[in-house]
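Below is one structure, written out as structure tokens; the observations come after it.
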Amino acid sequence: MSTQPPIAALSSRALIAVSGEDWRSFLHGLITQDVETLAPGEVRFGALLNPQGRLLFDLFVVGRDDGAVLDVERTSREALILRLTMYRLRAKVQIAADETPVLAAWGGDPGPGWAPDPRLAALGWRGYGVAAEPTTDEAAYDAHRLALGVPGPADWGVEQTYPIEANFDLLHGIDFHKGCFIGQETTSRMKRRGQIKNRMLPLAFDGPPPAAGAELLNGERRAGEVLSGAEGRAMALVRLDRLEGALTADGRDVRAEKPAWLAAD
């Protein structure tokens, strides 16, 4: 007998509908993900960067018959609508908020109408307008994501982080073959030259998480910074050349881990 997987309403996420004659070329030239080949019902992960190549907005692009919707942080939706409107110029594109709820399911196949999370199969599924009742809360989903070592918006902030530092390149969030997008030059150069000194990795420890912003130390040398966290686990931006040896944060022993999906790179 199959068991219904946990389903959570992601109240921190909201949608933006993008439609009109030029919607594909408009989005394709802006974001890190290929949009030209996006099919209805398909979901792809990406971001809008600033011209210097730092993360402004993470997003999922969801194909529709008449355009696409962008799954974004709810607190950033209005700012992203304003940014897209600024970039629209003479393009024949309509941009509007969409109040369809965003759901997530994991630990099994929830059935028809759901799309696989494009970042990592183990993250599960995303649902947009599917007829399903939540069985748990967003905190449970965040715990699942954190257990897999996948960072989230609380970790990269706004205009603070390069997408490769947040592992977007390993989570299928950057198409390096699609051509130009905002911030493309810096992003491609980092990947091409191997200039990746820092990445987000999960930390394991006993008890509550160190404070966000706490310094991660390797002996007396700075090895990174603690980001978001929960009991026993947190994300950190870590210097890759200082992983070996005893690590501490807030005076406590911590262990940096490389998830299997990241270690395989």
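Basis for what follows: all heavy atoms, side chains included, without hydrogens, waters or symmetry-related copies.
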Query raised in the report: How would you list, by chain and number, every residue that makes a salt bridge (charged side-chain N to carboxylate O under 4.0 Å, His left out) with Lys258, sequence neighbours excluded?
Result: none
Query raised in the report: Counting only N and O atoms by type, is there a donor-acceptor contact under 3.5 Å from the side chain of Glu165 to the main-chain atoms of Tyr162?
Result: yes
Report task. Take Phe205 and Arg252 through the side-chain contact (heavy atoms from CB on, under 4.5 Å) test and state the conclusion after the steps. Result -> CA-CA 8 Å; Phe205 43 82; Arg252 298 158 50 196; 3.6 Å; yes
**Report entry** Pairwise side-chain contact, Leu15 with Val72, heavy-atom cut-off 4.5 Å (strictly under)
**Finding:** no
Query raised in the report: Does the side chain of Asn50 come within less than 4.5 Å of Ile182's, by heavy atoms?
Result: no
Query - Ile95-Leu89 co-clustered via ILVMFWY side chain contacts under 4.5 Å - result: no
Query raised in the report: When the ring centroid of Phe168 is compared with that of Phe45, is the distance short of 6.0 Å?
Result: yes
Query raised in the report: If every non-hydrogen atom of Pro163 is compared with every non-hydrogen atom of Gly53, which pair is closest and at what distance?
Result: CD-O, 3.1 Å
Query - Test: Arg77 and Glu99 ion pair at under 4.0 Å - result: yes
Query - Pairs meeting criterion salt bridge (Lys or Arg N to Asp or Glu O under 4.0 Å) with involvement of residues 205-216, two or more places apart - result: Glu215-Arg222
Report task. Check salt bridge (charged side-chain N to carboxylate O under 4.0 Å, His left out) between Glu257 and all other residues, then give those that pass, not counting sequence neighbours. Result -> Arg233
Query raised in the report: Can you list every pair that meets salt bridge (Lys or Arg N to Asp or Glu O under 4.0 Å) and has a residue in residues 132-143, with sequence neighbours left out?
Result: Asp142-Arg145
Report summary line: The salt bridge (charged side-chain N to carboxylate O under 4.0 Å, His left out) partners of Glu21 (sequence neighbours excluded) come to Lys92
Report summary line: Distance col, row Ile196:CD1 vs Asp169:CG, nearest 0.5 angstrom, shows 5.5 Å
Query raised in the report: Taking all non-hydrogen atoms of both residues, which atom of Ala166 and which atom of Leu171 are closest, and how far apart?
Result: O-CD1, 4.4 Å
Query - Exercise: identify the closest heavy-atom pair between Leu247 and Ala223 - result: CD2-CB, 4.2 Å
Query - Heavy-atom side-chain contact between Trp261 and Val150 under 4.5 Å - result: yes
Requested in this report: Taking the side chain as every heavy atom from C-beta outward, state whether Arg54 and Leu49 have any atom pair closer than 4.5 Å.
Outcome: no
Would you tabulate the side-chain donor-acceptor contacts of residues 55-68 under 3.5 Å, counting partners in other chains and residues two or more places apart, or write 'none'?
from: Asp58; atom 1: OD2; to: Arg13; atom 2: NH1; distance (Å): 3.1
from: Asp58; atom 1: OD2; to: Arg13; atom 2: NH2; distance (Å): 3.1
from: Arg64; atom 1: NH1; to: Asp98; atom 2: OD2; distance (Å): 3.0
from: Arg64; atom 1: NH2; to: Asp98; atom 2: OD2; distance (Å): 3.1

Query raised in the report: Out of curiosity, Met235 CE to Leu201 CG, how far, rounded to the nearest 0.5 Å?
Result: 6.5 Å
Query - Trp23 reachable from Phe181 in the ILVMFWY side-chain graph, under 4.5 Å edges - result: no
Query raised in the report: Taking only residues two or more places apart in sequence, or in another chain, which ones meet Thr248 in a side-chain hydrogen bond (donor to acceptor under 3.5 Å, both in side chains)?
Result: none
Query raised in the report: Just wondering, do Met200 and Leu227 contact through their side chains at under 4.5 Å, heavy atoms?
Result: yes
Requested in this report: Work out which heavy atom in Ala154 is nearest to a heavy atom in Ser228; give both atom names and the distance.
Outcome: CB-CB, 4.0 Å
Query raised in the report: salt bridge (charged side-chain N to carboxylate O under 4.0 Å, His left out) with Asp117: which residues, sequence neighbours excluded?
Result: Arg119, Arg126
Query raised in the report: Would you find a donor on one side and an acceptor on the other, under 3.5 Å apart, between the side chain of Asn167 and the backbone of Leu170?
Result: no
Query raised in the report: Quick one: does Arg199's side chain get under 4.5 Å of Leu240's, heavy atoms only?
Result: yes
Query raised in the report: Roughly how far, to the nearest 0.5 Å, is the OG atom of Ser76 from the CD1 atom of Ile81?
Result: 11.0 Å
Report task. Using the rule that two of Ile, Leu, Val, Met, Phe, Trp, Tyr join whenever any of their side-chain heavy atoms come within less than 4.5 Å, decide whether Leu30 and Val69 are in one cluster. Result -> no
Requested in this report: Please examine the side chains of Leu148 and Pro259, heavy atoms only from C-beta on, and report whether any two atoms are closer than 4.5 Å.
Outcome: no
Query raised in the report: Just by distance, do the side chain of Arg88 and the backbone of Val93 share a donor-acceptor pair under 3.5 Å?
Result: yes
Requested in this report: Check whether the side chains of Ser188 and Gln184 place a donor and an acceptor atom closer than 3.5 Å, and report yes or no.
Outcome: yes
**Report entry** Spacing of CG belonging to Leu48 relative to CG belonging to Leu84, to within rounding of 0.5 Å
**Finding:** 6.5 Å
Report summary line: In short, Ala104 meets Leu10 closest at the heavy-atom pair CB-CD1, 3.8 Å
Query raised in the report: Do the side chains of Leu82 and Ile31 join up, straight or via other hydrophobic residues, at under 4.5 Å, putting them in one cluster?
Result: no
Query raised in the report: Is there a side-chain contact between Val43 and Leu38, using heavy atoms and a 4.5 Å cut-off?
Result: no
Query raised in the report: Is Leu27 reachable from Tyr128 through a run of I, L, V, M, F, W or Y residues, each pair having side-chain heavy atoms under 4.5 Å apart?
Result: no
Report task. Look only at the side chain of Ser25 and the backbone of Asp22, and say whether a donor-acceptor pair between them is shorter than 3.5 Å. Result -> yes
Report task. Considering only Ile, Leu, Val, Met, Phe, Trp and Tyr, and joining two whenever side-chain heavy atoms are under 4.5 Å apart, list the other residues clustered with Trp125. Result -> Ile7, Leu103, Trp114, Val130
Report task. If a pair satisfies ring-ring contact (aromatic ring centres under 6.0 Å, His included) and one of its residues is in residues 65-111, list it, with sequence neighbours excluded. Result -> Trp106-Tyr141, Trp106-His144
Query raised in the report: Which pairs pass side chain to side chain donor-acceptor pair (under 3.5 Å) with one or both residues in residues 31-44, sequence neighbours excluded?
Result: His28-Asp34, Asp34-Thr37, Asp34-Arg44, Thr37-Arg44, Glu42-Arg44
Query raised in the report: Can you check side-chain contact (heavy atoms from CB on, under 4.5 Å) on Arg74 and Ser12, steps first, answer last?
Result: CA-CA 5 Å; Arg74 181 174 296 278; Ser12 70; 5.6 Å; no
**Report entry** Criterion side-chain contact (heavy atoms from CB on, under 4.5 Å) on Leu237 and Val226, from CA distance to verdict
**Finding:** CA-CA 7 Å; Leu237 184 63; Val226 179; over 6 Å; no
Report task. Would you give the length of the straight line joining atom CD1 of Ile164 to atom CZ of Arg189, rounded to the nearest 0.5 angstrom? Result -> 10.5 Å
**Report entry** Gly149 versus Pro151, closest heavy-atom pair with distance
**Finding:** O-CD, 3.6 Å
Query raised in the report: How far does CG of Asp241 sit from NZ of Lys197, to the nearest 0.5 angstrom?
Result: 8.5 Å
Requested in this report: Considering only Ile, Leu, Val, Met, Phe, Trp and Tyr, and joining two whenever side-chain heavy atoms are under 4.5 Å apart, list the other residues clustered with Leu217.
Outcome: none
